[in-house]
Each structure stands twice: as C-alpha cells, then as structure tokens.
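Read the structure below first, then the notes.
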Number of protein chains: 2
Amino acid sequence: MNSQVEENYLKALFYLSIDNEDGVSVKVLSKHLDIKMPTVTSMMKKLAAKHLVNYESYKPLKLTEKGTKEAALVIRKHRLTEMYLVEKMHLGWEQVHDIAEQIEHIKSPEFFSKMDELLGYPKIDPHGSPIPDKNGKMVWKAYNKLSECKVNDTVKIAAVINTSDEFLTFLNGRDISLGLEMTIQSIEQFDNTIVVSYNKHSSETLSHRVCERLLVEKY
Amino acid sequence: MNSQVEENYLKALFYLSIDNEDGVSVKVLSKHLDIKMPTVTSMMKKLAAKHLVNYESYKPLKLTEKGTKEAALVIRKHRLTEMYLVEKMHLGWEQVHDIAEQIEHIKSPEFFSKMDELLGYPKIDPHGSPIPDKNGKMVWKAYNKLSECKVNDTVKIAAVINTSDEFLTFLNGRDISLGLEMTIQSIEQFDNTIVVSYNKHSSETLSHRVCERLLVEKY
DNA sequence: TAATTTTGTTAGCCTATTCTAACTTTTTAG
DNA sequence: CTAAAAAGTTAGAATAGGCTAACAAAATTA
C-alpha cells in the first residue's frame, strides 16, 4: 500500500507526463509539488525500488506501467469525489478540489465503488476529463466543452455532463445526440450564446448553460 | 491545527474519560490505542505543551477544556460521517466505522456543515449516542434503544432514529410521540417483538424493527 | 514495613519525509 | 570546445511518530 505522500508523487508524475511524453525532469516535478529537488530524488529512488518509477541518475523520470496504473486509480478517486461532492452534496466547484485532494487517499474500495454507483458510473468528469476505470484504464480523450469552442469549429458531440432528464429531453427536442456533428456559426459575446448548424437544423441557438454541458471532440 | 495522530489521542482520551472521571492512566490509553507506553508519554507531553492535556508525571491524564472541545469536534465529524454513509450512501453499519475513522480527519468545515445540513442537523446518532454540536457541546444523555430494554422497564421516548415519513406516520397511528412513557409488558424471545402499555393502550405490540428505532430514557 | 509487581519515565534508536549546503554532471553560450 | 549556468545528486540534519531496554516510582502483597 502506498502512503499519501507517495500517491501525490505518482499523481503529479502522471499529470506532468501528459505534456512530457519522453519523461519528466526532477526540476519540473519539484516545482509542481513545491518540494525541493533532493527530496524528490530520494523519493524517486524509493518509488523505483517499488517498481513504480523508472529511475536512472540524470535521466528523465518515467512511471512504470504499474506506477501509471496506481496513479490513475488515485486520479479516479479524485474525480469521482469531486463529482460526488458537486452532484450529490451540492458543494461548489471552487470548494471541491481541496476536499477531494484529501478524500482521494481514503483506503476503502467499497466507499469509492458506492460513489461510482450513485453517480451512475460516469466515464468523464464535468470538466470533460476522463475518469479512469477500476483497473486504471482511461479513454484518452480530454474533451472540450462546446462553450470553449470558436466560430467555424466543426465538432462532434462526445458526451454530456449531468445527465438529468430535463437536459436529455431538451437535447432530444433539438435532435442533438451523441456522435452528432455540428458547426459553430456564431458566438454572441454578450451572453456567450452559440448558434450552430447540423443536419436539417441550419441555425439553432444554444445558451451558454447548455454549451457548458456538451462535451465535444474537435476536428 | 492538530495532526491526525494527535486527534486520535484526543478522541481516545475523551472516550476513556467517560468511565474514568478522575483521569486516564497511561497504561489504559496505551492499550486502547495499541501504542507503547513510552510513545504515549511523549505524546502527552506534546499535547500538554499545546494545552490540550493536563500532564504531570505519574498522575492520571486529563483533557483540558480546550482538549475536550477539540476531541468532541472530532467525534462530531466521526458520527456525522457514519450517519451520512448509512443514510445517504446506503453503506452498511459494519462498513462505515473504518471509513469514518479516516474521513473524520478531513480538514474542511464546509464539508461537514454540508453533511450536517443534508442529515437535518441530527442531535443523536442511530446508536443513541449524542452528536456534539459545532462548538463541541453535547447533551450528555446516551439513550437506549427500546429493543435493549427488559421486561417491566418503564421508559420515556426520547428520540427517534431515521425520521422517515412512513415511520412517523406509523408512530402517530399508535399515539406514540416524544416524551411518552411506556412500560414493557413482555418480550417475545423468538422474534424480539415487545409488548408495551401506555396511556389508553394497555397492550400494544411493537416489532423489533420498530423497537430498534425508538430511543428511550430509562427510569 | 519490606519485597515484589505494576506502572511510568528516560535514553537511545528507527523510519518517513523534509530541508540546506556542498559537490557533480549536463547543458548551453560564447 | 571550453566555461559558466542549470540540473541533479550526496551528505548531513531536523521533525513527527514509533519502538526497545533500562531505570524509577507507586502500588500491592506478604
């Protein structure tokens, strides 16, 4: 079992590895965690001894397969917790990160399975980031919100946040479903309303509230 | 801010102080926490320096007023968490203790206030134990479940666990309300059904399920 | 009361995680 | 292609929390 501290190093390495495919430097990891370089070096040796990190002096750091999986499981718990806190406890998005940062280290598989169940086994979180499954596998597509797209972007609806009946009904009423491709015609600066076209709908207006809940894949 | 370890010592002292009004011995605390005596001694010195414990060599240990309050606040978080896990997440009573033991140390007042709110500001937990309020004050009456009483006991209904509409309606239908006094006429060994008498009801039969949800004060 | 047992304390050591200071390797600039 | 800068490592120390061995005080028993 990894300690909380070890879990934090794994998590940081996981995130930093996304942008640094060829490995993460001690410097960068040190900055990210706000922990001095010598401390990082010694922790890397420790994690290497546990086969979680490939460590060689003066070489970039890489998670092993095992390390990647364990990091993903921590991230899974973090994201499930954030979603749970927002959806089921009605805490604000500003508040939940710090709480999730603590709860992610709770040792109790049943606790997190139950959260997963109560949330309806979500595959992506409300930021559009994928939630790793119980085996640490995740679909590597970080979706964008429709609200973050630009005029003339052509996008495909990939997922929906907060699958309430009302919202799904709303989408049905406009023939919007998963996989649908649409092009952004214009964006109203004042209220962030977006006008899109797709299929037989040549000009459908979607509110910012709606666009924030539609995750899309850009082309 | 106290560490998790310190919080565990405070909590243990609080519980042990209930039976040992005149103070707790190092031996007893050591056994309770499964931590060796020398370690306990040194932690007591540390807590004394923080004005949480009154410590004098070879004398029984006592929480200070401040220590008592901080211990009560940890217990509050523990009990709220247990209730939340059972009532809102539908986890089993066997499972929740270990999880609550971890969650009680989360640093986030909003998280626990929200739990409190979602639970309807409970004053006692389903075991009949009081939940300290936000200031660490608690009503010092540990109620008994009606199901744990004996034949001929005369008791007063003090509280009700899990205030669902159905249950309250059931109680109304039998003129059972808070403050009501009843006497136990007999207990059926086979299914733990209890026959009670009160007011104009000379012989009312209550199932074990019901008796487990009624907290009473004994005379 | 004196001897013995029990309880409590001190001293010294261990592991985990962090730090600073000093040194080494790599990288980058001339 | 060297010399300075940047990045990384080693060595040594600190703090939190825990342990064992040895000693001291208190309580018990004979």
Side-chain angles (χ1 to χ4, degrees), chain A residues 1-13 16-17 19-63 67 70-71 74 101-102 104-107, chain B residues 1-13 16-17 19-63 67 70-71 74 101-102 104-107:
Chain A
M1 190 64 31
N2 304 316
S3 71
Q4 294 200 189
V5 171
E6 289 168 337
E7 287 188 345
N8 285 335
Y9 277 89
L10 293 175
K11 199 169 46 133
L13 274 173
L16 295 171
S17 298
D19 296 319
N20 303 275
E21 195 53 56
D22 40 327
V24 176
S25 71
V26 172
K27 186 83 191 291
V28 164
L29 181 54
S30 160
K31 276 274 163 59
H32 185 84
L33 290 168
D34 194 23
I35 285 175
K36 295 290 180 290
M37 292 207 299
T39 309
V40 170
T41 298
S42 68
M43 180 58 83
M44 288 307 104
K45 289 178 177 174
K46 191 177 163 195
L47 294 179
K50 295 175 82 172
H51 309 293
L52 295 166
V53 167
N54 285 327
Y55 174 77
E56 285 178 85
S57 286
Y58 301 106
K59 296 254 179 70
L61 307 167
K62 283 178 196 162
L63 285 171
E70 302 201 4
V74 176
E101 206 69 22
Q102 299 175 69
E104 70 191 9
H105 302 295
I106 298 286
K107 306 307 190 215
Chain B
M1 189 65 34
N2 304 316
S3 70
Q4 296 200 185
V5 171
E6 289 168 337
E7 287 189 345
N8 285 336
Y9 277 90
L10 292 175
K11 200 170 46 135
L13 274 171
L16 294 171
S17 297
D19 295 318
N20 303 276
E21 195 54 55
D22 39 329
V24 177
S25 72
V26 172
K27 185 82 191 291
V28 164
L29 181 54
S30 162
K31 275 275 162 58
H32 185 84
L33 289 169
D34 193 22
I35 286 175
K36 296 289 179 292
M37 292 205 299
T39 308
V40 170
T41 298
S42 69
M43 181 56 83
M44 288 307 104
K45 288 178 177 172
K46 191 178 162 194
L47 294 179
K50 296 176 80 171
H51 308 293
L52 296 166
V53 168
N54 285 325
Y55 173 77
E56 285 178 85
S57 286
Y58 302 104
K59 297 255 180 70
L61 308 165
K62 283 178 195 161
L63 285 170
E70 302 201 2
V74 176
E101 206 69 21
Q102 299 176 68
E104 70 191 8
H105 303 295
I106 299 287
K107 305 311 192 214

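We use all heavy atoms of the structure for the numbers below, so side chains are in, but hydrogens, waters and symmetry mates are not. Bear in mind the structure is a predicted one, so any value in this text is a computation, not a measurement. Labels below follow one simple rule: chain letters A, B, ... track the order of the sequence lines, proteins then strands, and each chain is numbered from 1.
To the nearest angstrom, P of C/dT15 lies 18 Å from CD1 of B/Ile35. Rounded to a whole Å, the CG atom of B/Asn20 is 13 Å from the P atom of C/dT7. Taking atom CE of B/Met44 as the reference point, atom P of D/dG18 lies 10 Å away to the nearest angstrom. Regarding A/Asp34, its CG atom lies at a distance of 11 Å from the P atom of C/dT18, rounded to whole Å. Going from atom CE of B/Met43 over to atom P of C/dG8 covers 18 Å, rounded to whole Å. One interatomic measurement links the two molecules: CG of A/Asn8 to C1' of C/dT18, which rounds to 14 Å at whole-angstrom precision. In this structure, A/Lys36 atom NZ and D/dA7 atom P are separated by 15 Å, rounded to whole Å. With rounding to whole Å, B/Tyr9 atom OH is found 11 Å from D/dA16 atom C1'.
Within 6.0 Å of atom NZ in A/Lys31, 12 or fewer heavy atoms from other residues, nucleotides or ligands are found, so the atom counts as exposed in its surroundings.
The salt bridge (Lys or Arg N to Asp or Glu O under 4.0 Å) with B/Lys11 is formed by just one residue from the set B/Glu70, B/Glu101, B/Glu6; it is B/Glu101.
A distance of 10.5 Å separates CG in A/Leu29 from CG in A/Asn20, rounded to the nearest 0.5 Å.
Among residues two or more places apart in sequence or in another chain, the salt bridge (charged side-chain N to carboxylate O under 4.0 Å, His left out) test is passed with A/Lys62 by none.
Between A/His105 and A/Asn8, the closest side-chain pair of non-hydrogen atoms falls below 4.5 Å.
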- Task: For B/Leu47 and B/Tyr55, run side chain to side chain contact (heavy atoms under 4.5 Å, CB included): C-alpha distance rounded to whole Å, both residues' side-chain angles, the deciding distance at 0.1 Å, then the answer.
- Result: CA-CA 9 Å; B/Leu47 294 179; B/Tyr55 173 77; over 6 Å; no

- Quick tally for nucleotides 8-15 of chain D: nucleotides whose base has a protein heavy atom under 4.0 Å get B, sugar-phosphate-only ones S, the rest -, giving BBB-----

